[in-house]
Each structure stands twice: as C-alpha cells, then as structure tokens.
Amino acid sequence: MNWDGAAPMSKARHDDPRALLASYLTQLADAGEKDMCLSAETAALVKGAGPSQSVGPTAAQTPEKPREMGTPEKQREIVKPQKLSVPEQAAMLPELEPTKIVLALGRGTADPDMFVEASCLRSCTCLNEIERISLACEKCELAGTRISVVFGAGDENADLMFVGEAPGANEDREGIPFIGRAGALLDKIIEAAGFRRENVYISNILKCRPPNNRTPLSNEIEACVPILAKQIEIIAPRIICTLGLPATQTLLGVKGSMGSLRGKVYVQGNLKVIPTYHPAAALRDPKYKRPMWEDFLRIRKEYDKL
Ligand code: SF4
C-alpha cells in the first residue's frame with residue numbers, strides 16, 4: 001500500500017546501482033508506467049536484486065517472454081516496475097546520527113506539581129485518572145470557549161505516539177483528536193506506513209480548542225503541557241512523532257523552522273522523537289507530502305528496530 005500522493009524516497013544510495021535502479025523504477029511506477037523495455041544488462045541487474053532491494057518481477061515471475069530486438073546484444077526484456085514495499089523503502093533510508101535531547105517536558109516548566117490539581121495529577125497511575133482531571137480543567141481561558149476537552153485516543157500501551165497542536169472544530173465537537181480532514185489524512189499515512197490507528201496513541205499539546213484554530217499561546221501551552229507530560233509518562237512510548245511546529249518546539253524545547261527540525265531523530269534514553277509536518281500543512285500545500293512520507297518511513301525504520 002502506498003499513501004496517495006506520497007512519492008517514494010527521493011534519495012537512493014548513490015554507491016549502490018541496484019538501489020539507484022530501484023528508486024528509478026519506483027518513480028516510473030508512480031508516474032503510471034506499466035511496461036518498460038530494459039537492456040539485457042539492466043534486466044540482469046534487476047533479476048540480480050536481492051529480496052530487500054527487489055524492484056520488479058524476476059524472469060521466473062515475469063509472464064512476458066523476452067522480446068527479440070535484432071542481434072542478441074540488442075535484446076530487450078519487458079519488466080513491469082513494481083513499487084517498493086514500505087519496509088524496503090524504509091530500509092533504504094540512510095542511518096542518522098541521533099541528536100541527544102532532554103525533553104522540554106522534563107525540564108520543570110511542565111512539572112505536574114505546577115498543575116492546579118497538582119497532587120492529583122502527580123499521583124495518577126492510569127490515563128483514565130488523568131482524563132478525569134483534565135475534563136474539569138479550567139487552568140487557562142480556553143476552558144471558557146471549548147465544547148469538549150479532547151484528551152487523546154488510542155492504545156494506552158502504544159510504542160508509537162503522535163502529538164499534534166490542538167483540537168479543531170470537529171474534534172472540539174466530538175471530543176476525539178484528529179477526526180477532521182487533517183485526521184483523515186493522518187489515518188491514511190499511518191496505515192500506508194503499516195501501522196493501525198488503534199495501535200498508536202494520538203493527542204495534542206492543548207486539550208481545548210483555541211478560538212478560530214489560532215496558534216496556541218505560550219501561557220496556554222505552559223498551563224496544559226503537564227497533562228501531556230503525564231500522558232507520556234503513563235504510556236511510555238518508544239517513539240513520539242510530533243506533528244507541526246508548536247508540538248515539535250514544545251517537546252524539544254527548541255526554536256527553529258519545521259524544515260530545520262525535521263529529518264532528524266532526537267533521542268532521550270529509550271525515547272526517540274521524530275518531527276514531521278502537521279497533516280493540515282500537507283492539505284494546504286502538497287509539497288509537504290513527500291518530506292512527510294519520508295518522515296513516516298523513518299518512523300517505520302526506527303519502529304522496526306524496537
Ligand atoms: S487547554 Fe489545557 S490547561 Fe487550558 S483549560 Fe483546556 S485542559 Fe486546561
């Protein structure tokens with residue numbers, strides 16, 4: 001399965017002719033090419049690709065017979081290009097040197113003791129207890145405009161967690177994160193990368209909707225982030241994917257653009273943080289789809305190492 005609109009990774013390993021060929025054939029397949037005429041030498045290279053770099057059917061798998069093209073040296077073979085599987089695409093990503101971090105959530109500003117129901121939040125041992133506290137929260141002015149507190153959803157034992165920015169109108173109405181258009185796109189990418197929504201956990205840095213979906217204010221983030229810190233402590237994910245700039249900056253405690261912060265793996269102990277664009281950004285501008293897909297391949301690759 002591939003995510004609609006997602007291109008395969010843009011960089012093949014330049015020292016591996018099979019990898020380069022695989023990348024090229026995949027691009028042709030994405031462009032709608034169904035049959036390709038390859039030189040005997042190139043076809044032999046395709047046949048020789050190992051399972052992890054398979055780019056098309058081998059001779060035994062290819063129903064078409066070789067097409068005679070004059071002299072034997074000019075013989076050509078019909079080879080149907082085939083998209084690389086997600087693990088194959090992920091395996092082709094270069095290894096990254098992890099960037100060590102200390103999560104901003106653990107630096108004190110998000111200390112649960114700062115929360116209005118401090119002792120209650122600190123003593124929570126399951127998500128239901130945290131949710132009960134957050135449903136009654138009036139720590140910032142968003143309590144006055146919200147319909148619902150959108151706490152989070154998914155598997156309490158998930159190894160993979162997504163953290164977005166804040167609920168939108170649909171989420172505010174239903175009390176469930178990521179169910180609007182951006183949520184539908186996120187679901188699609190999650191599935192395309194080989195995960196299932198019910199097996200991951202999804203939440204936001206803010207649990208209440210900012211009016212007109214404006215960017216969260218720093219005092220709102222500071223007020224709300226202890227809930228997220230406690231969620232992360234209980235769930236103990238191995239990988240967190242931050243969706244968009246506010247979530248990325250809040251967790252990493254750094255400034256910078258998404259372009260400069262993504263494409264890296266941040267590590268704190270057993271936890272890896274992999275930032276990517278918010279799906280709403282990809283809906284607004286398709287140019288974000290390719291880097292987003294590459295970030296999801298990175299998530300897949302790191303997840304498969306767990
Ligand atoms: S956004 Fe967070 S801190 Fe503000 S009222 Fe909602 S739950 Fe409380």
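In each ligand, atom 1 is the first atom listed, and ligand 1 is the first ligand listed.
Checking each of His278, Arg262, Met258 against Thr248 for a side chain to side chain contact (heavy atoms under 4.5 Å, CB included) leaves exactly one that passes, namely Met258.
Tyr303 has its ring centre less than 6.0 Å from the ring centre of Phe195.
Below 4.0 Å from some heavy atom of Arg146 lie the following atoms of ligand 1, by number and element: 5 (S), 6 (Fe). Atom numbering of ligand 1 starts at 1 in the shown order; those under 4.0 Å from a heavy atom of Lys139 are 3 (S), 5 (S), 8 (Fe).
Comparing Cys137, Pro216, Cys208, Ser134 by heavy-atom distance to atom 8 (Fe) of ligand 1, the nearest is Cys137.
Under the 4.0 Å criterion applied to side-chain N and carboxylate O atoms, Lys230 and Glu233 are assigned as salt-bridge partners.
The distance from atom 2 (Fe) of ligand 1 to the nearest N/O/S atom of Cys224 is under 2.8 Å.
Side-chain N or O atoms of Asn212 include none that pairs as donor or acceptor with a backbone N or O of Arg214 at under 3.5 Å.
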